[in-house]
Amino acid sequence: QLQLVESGGGLVQPGGSLRLSCTASGFSLHYSAIGWFRQAPGKEREGVSCISRTRSTNYTDSVKGRFTISRDDAKNTVYLQMNSLKPDDTAVYYCARRNYICSGYDGDFESWGQGTQVTISS
């Protein structure tokens, strides 16, 4: 069964950091692009970042310079390092996969994880 599992969420103060993990089971991430998405209460889901099979990366404007996506194919895991966190970053964060290259359309992704809650509050 193809599955992605997110972890690493939590409650941190503004300015703090978290590292989210997206670990695959039942398949190898080697040929996958992995996207991170988030959904805040009352808002639509938005793309946060994506890393392709060849490690090309992209970020939504609001997180550029603060978030870094990376992958460790040996561990079948993609990470999202989040620094300088803001209350507006509060959301449930999801990861999902597609073949090879990233896409700006979340409908192109599959095998969504269950999400991990990130809350930024003092």
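Keep in mind it's a predicted model, so treat the numbers as computed, not measured.
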Taking the six-membered ring for Trp, are F67 and W36 closer than 6.0 Å centroid to centroid?
no
Measure the spacing between SG of C95 and CD of E6 and express it to the nearest 0.5 Å.
4.0 Å
Please determine whether side-chain hydrogen bond (donor to acceptor under 3.5 Å, both in side chains) holds for the pair S121 and T119, giving the CA-CA distance in whole Å, both sets of side-chain angles, and the decisive distance to 0.1 Å.
CA-CA 6 Å; S121 175; T119 303; over 6 Å; no
Residue pair V92 / G115: nearest heavy atoms and the distance that separates them
CG1-CA, 3.8 Å
W112-V118 co-clustered via ILVMFWY side chain contacts under 4.5 Å
no
With rounding to the nearest 0.5 angstrom, report the CZ to OG1 distance, R71 to T57.
11.5 Å
Between S21 and T77, the two heavy atoms sitting closest are CB-CG2, 4.1 Å
Check whether more than 12 heavy atoms from other residues, nucleotides or ligands sit under 6.0 Å from atom CD of E44, and answer yes or no.
no
Evaluate Q39 against E46 for side chain to side chain contact (heavy atoms under 4.5 Å, CB included), listing each step before the verdict.
CA-CA 6 Å; Q39 188 165 21; E46 67 168 337; over 6 Å; no
Decide yes or no on side chain to side chain contact (heavy atoms under 4.5 Å, CB included) for T60 and S49, but give the supporting numbers first.
CA-CA 6 Å; T60 192; S49 182; over 6 Å; no
T116 to G9 - nearest heavy-atom pair and separation
OG1-N, 3.1 Å
Do the non-hydrogen side-chain atoms of T23 and Q3 ever get within less than 4.5 Å of each other?
no
Where is the tightest heavy-atom contact between Y93 and R38, given as atom of each residue plus distance?
OH-NH1, 2.9 Å
Is E110 salt-bridged to R98, going by a charged N under 4.0 Å from an acidic O?
no
For the pair T68 and R19, evaluate side chain to side chain contact (heavy atoms under 4.5 Å, CB included) and give the outcome as yes or no after the intermediate values.
CA-CA 9 Å; T68 303; R19 188 177 78 159; over 6 Å; no
Lys/Arg N to Asp/Glu carboxylate O, D73 vs K75, below 4.0 Å
no
Output the distance between atom CG (L4) and atom OG (S25), rounded to the nearest 0.5 Å.
7.5 Å
Tell me who clusters with V5, hydrophobic residues only, linked when side chains sit under 4.5 Å apart either directly or through other members.
none
Are Y59 and L18 linked, directly or through other ILVMFWY residues, by side chains that come within less than 4.5 angstrom of each other?
yes
Fit a plane to each ring of F37 and F109, take the angle between them on a 0 to 90° scale, and name the class: parallel (under 30°), tilted (30 to 60°) or perpendicular (over 60°).
perpendicular
I need the N58 CG to S56 OG distance, nearest 0.5 Å.
9.0 Å
Hey, can you pull the donor-acceptor pairs under 3.5 Å for the side chains in residues 79-87, sequence neighbours left out?
{"from": "Q81", "atom 1": "NE2", "to": "N83", "atom 2": "OD1", "distance (Å)": "2.9"}
{"from": "N83", "atom 1": "OD1", "to": "S17", "atom 2": "OG", "distance (Å)": "2.9"}

Atom CD1 in I101, atom SG in C50: separation rounded to 0.5 Å?
9.5 Å
Note: S111 and L2 closest approach over all heavy atoms is OG-CB, 4.1 Å
Compile the donor-acceptor pairs under 3.5 Å between side chains in residues 28-35 and protein atoms, sequence neighbours left out, one pair per line.
{"from": "S28", "atom 1": "OG", "to": "H30", "atom 2": "N", "distance (Å)": "3.1"}
{"from": "S32", "atom 1": "OG", "to": "R97", "atom 2": "NE", "distance (Å)": "2.9"}
{"from": "S32", "atom 1": "OG", "to": "R97", "atom 2": "NH2", "distance (Å)": "3.2"}

Are the side chain of S122 and the backbone N or O of Q13 linked by a donor-acceptor pair below 3.5 Å?
no
